Amino acid sequence: MEEYKVDQMYQELGLSGEVIAYGRQVEDGLAERFRAIDETAEYNQIKVLRAMQKHRVSAEYFAASTGYGYNDSGRETLEAVYAETFHAEAALVRSQIICGTQALYLALSANLLPGDELLSPVGKPYDTLEEVIGIRPSAGSLAEYGVTYAEAALLPDGSFDYEAIRAAVGPRTKMATIQRSKGYASRPTLSVARIGELIAFLKQCKPDIICMVDNCYGEFVEEVEPTDVGADLIVGSLIKNPGGGLAPCGGYIAGREDLVERCARRLSSPGLGKEVGANLGVNRDLYQGFFLAPTITAGALKGAIFAANLYERLGYPVLPNGSESRHDIIQAVELKSPEALCAFCEGIQEAAPVDSYVTPVPWDMPGYDSPVIMAAGAFVQGSSIELSADGPLKPPYTVFFQGGLTWYHAKTGILKSLQKLVERGITKLP
Ligand SMILES: *Cc1c(COP(=O)(O)O)cnc(C)c1O
């Protein structure tokens with residue numbers, strides 16, 4: 001009886017029979033959904049494979065370059081592979097881009113000039129962008145450079161407020177920033193199809209508006225990306241989906257060639273652009289991670305859906321809910337109390353392959369406006385394609401759960417989180 005054998009392993013990890021059995025019940029109901037996820041992963045796997053073959057990726061591209069990094073064909077080909085996969089004219093894929101926030105700052109600051117206006121037609125952007133844009137005053141913000149900002153909130157039902165958007169688009173509106181994932185907000189994540197509708201509308205209002213999509217956590221969740229539906233730029237982090245768990249750091253920008261070129265010039269300098277940037281030996285990890293990314297994303301997605309169904313049945317509000325379609329790998333669970341939020345994160349931490357013995361505590365993270373508790377025991381520091389959970393310590397004490405390099409690990413983490421809630425008497429199994 002294989003099931004009993006694995007149960008014993010789970011028990012050694014500290015899970016009770018009751019929690020294991022409950023998890024199995026939930027999993028049994030998800031076969032159809034998991035099959036659909038596997039089909040998307042299969043499609044995306046071939047998409048990446050084709051791009052690598054077409055651009056004749058070769059082992060010599062994995063060699064380290066140093067210094068200026070001139071003639072780094074490995075770096076150039078990797079950028080061509082990203083561009084090909086995302087059906088974009090060009091891409092900038094660099095370990096020198098520290099994280100997603102910097103990639104977004106780069107894309108915005110490279111393409112907005114003093115007097116221009118940036119519009120967010122989907123409401124408040126991700127927390128760390130508030131200081132980038134200057135919504136919260138900050139040294140070095142776009143606002144300091146004379147770039148203004150306008151926002152159109154989503155309607156209460158999550159749909160686009162087309163009237164408000166049309167009213168917000170003016171002669172100075174140069175760029176729109178569209179966040180695909182909900183981030184720390186409680187609104188639905190946008191499907192690529194909905195992003196396409198929004199872009200079509202924006203272009204109708206102003207044909208030359210540059211539409212940038214914050215694609216963080218969205219890559220490979222669907223068979224299409226925002227660049228397939230009119231996005232001029234997509235931006236993301238390599239320690240999320242596209243790095244496949246292997247990229248040690250980095251970010252990417254893909255889209256229209258002229259806009260990407262400006263980003264490269266902003267990153268290095270005018271006159272140097274994409275021609276420089278030593279890879280220092282990370283190329284193989286970036287290639288291999290991108291190759292694995294469709295499958296890794298699929299595992300994370302299964303984890304998110306499992307968590308949604310498991311916690312939904314226990315009466316916790318979950319976003320997205322257990323049955324709706326997915327457009328990113330984030331799962332939000334409203335845990336209702338600081339105790340529950342901390343217990344959940346402690347469970348995730350205990351399930352980690354690295355630092356499983358430490359206890360996460362809330363702290364004031366740079367870029368966030370309230371203390372945040374984060375659980376992660378990752379091979380790559382802060383990598384959120386690896387099993388991780390975090391949430392701001394403010395009502396309704398929502399935890400944002402994501403990642404897991406394998407579905408089995410994601411499942412273990414979720415069961416551990418539930419175990420903690422049960423042990424502390426916060427929740428009862430039916
Ligand atoms: C992760 C993320 C970012 C960027 O965050 P970093 O931690 O700087 O990589 C931006 N937007 C969204 C929606 C994100 O999920």
Side-chain angles (χ1 to χ4, degrees), residues 92-109 118 120-133 135-136 138 140-142 151 154 176-192 194-195 212-221 225-226 231 233-245 247-254 267 289 293 297 300-301 304 319-320 326-332 363 365-369 372 374-376 378 380-392 398-403:
L92 186 68
V93 183
R94 300 293 168 118
S95 61
Q96 285 88 358
I97 298 174
I98 295 166
C99 58
T101 302
Q102 194 201 340
L104 289 159
Y105 179 54
L106 192 57
L108 294 171
S109 60
L118 171 68
S120 173
V122 296
K124 190 172 130 1
Y126 193 71
D127 293 44
T128 61
L129 283 195
E130 293 190 359
E131 286 189 60
V132 164
I133 296 167
I135 300 169
R136 271 188 287 145
S138 191
S141 69
L142 294 172
E151 193 176 289
L154 294 171
T177 178
I178 301 166
Q179 188 178 306
R180 179 173 174 179
S181 171
K182 64 184 167 303
Y184 280 160
S186 54
R187 54 113 165 144
T189 285
L190 303 177
S191 67
V192 172
R194 288 193 67 206
I195 290 172
M212 181 193 83
V213 174
D214 175 350
N215 207 28
C216 281
Y217 288 127
E219 300 90 353
F220 298 122
V221 171
E225 299 292 340
L233 286 174
I234 55 173
V235 181
S237 162
L238 299 195
I239 62 169
K240 295 179 180 171
N241 310 17
C249 60
Y252 80 89
I253 299 169
L267 179 64
T297 302
L301 208 47
L319 188 73
R326 297 276 158 163
H327 312 290
D328 69 5
I329 63 165
I330 313 290
Q331 182 60 48
W363 64 300
M365 265 187 79
Y368 296 85
D369 67 359
V372 177
M374 295 201 153
V380 171
Q381 190 203 75
S383 166
S384 46
I385 187 63
E386 297 188 48
L387 184 68
S388 48
D390 41 75
T398 299
V399 75
F400 295 84
F401 165 86
Q402 65 272 314

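Start at 1 and go down the list; that is how both ligands and their atoms are numbered. In this text, all values refer to a predicted model and were calculated from it rather than measured experimentally.
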(request) Please say whether Lys240 places an N or O atom under 3.5 Å from an N or O atom belonging to ligand 1. (result) yes
(message) So if I apply the side chain to side chain contact (heavy atoms under 4.5 Å, CB included) rule between Ile133 and each of Ser138, Pro125, Ser141, Ser120, which one comes out positive?
(response) Pro125
(message) Show me which atoms of ligand 1 lie under 4.0 Å from any heavy atom of Leu104.
(response) 10 (C)
(message) Taking 4.0 angstrom as the limit and counting only heavy atoms of Gln179, give me the atoms of ligand 1 inside it, by number and element.
(response) 13 (C)
(request) Name the closest protein heavy atom to atom 9 (O) of ligand 1, giving the residue it belongs to and the distance to 0.1 Å. (result) Gly100 N, 2.8 Å
(message) Quiz question: by atom type and distance under 3.5 Å, do the side chains of Arg94 and Gln102 form a donor-acceptor pair?
(response) no
(request) Would you check if the side chain of Gln179 reaches a backbone N or O of Tyr126 as a donor-acceptor pair within less than 3.5 Å? (result) yes
(message) I'd like to check whether Ser181 has a polar contact with ligand 1, where a contact means an N/O of the residue lying under 3.5 Å from an N/O of the ligand.
(response) no
(request) Examine the side chains of Asp390 and Gln402 and answer whether a donor and an acceptor come within less than 3.5 Å of each other. (result) yes
(message) Closer than 4.0 Å to some heavy atom of Thr101 - which atoms of ligand 1 meet that?
(response) 4 (C), 5 (O), 6 (P), 8 (O), 9 (O)
(request) Mind checking the CG-CG spacing from Asp328 to Asn215? Nearest 0.5 Å is all I need. (result) 10.0 Å
(message) Using a 4.0 Å cutoff against the non-hydrogen atoms of Tyr217, which atoms of ligand 1 qualify?
(response) 15 (O)
(request) Please say whether Tyr126 places an N or O atom under 3.5 Å from an N or O atom belonging to ligand 1. (result) no
(message) Under 3.5 Å, is there a donor on one side chain and an acceptor on the other for Tyr252 and Glu219?
(response) yes
(request) Give the residue and atom name of whichever protein heavy atom lies nearest to atom 13 (C) of ligand 1, and the separation in Å to one decimal. (result) Asp214 OD2, 3.5 Å
(message) Closer than 4.0 angstrom, basic N to acidic O: yes or no for Arg180 and Glu225?
(response) yes
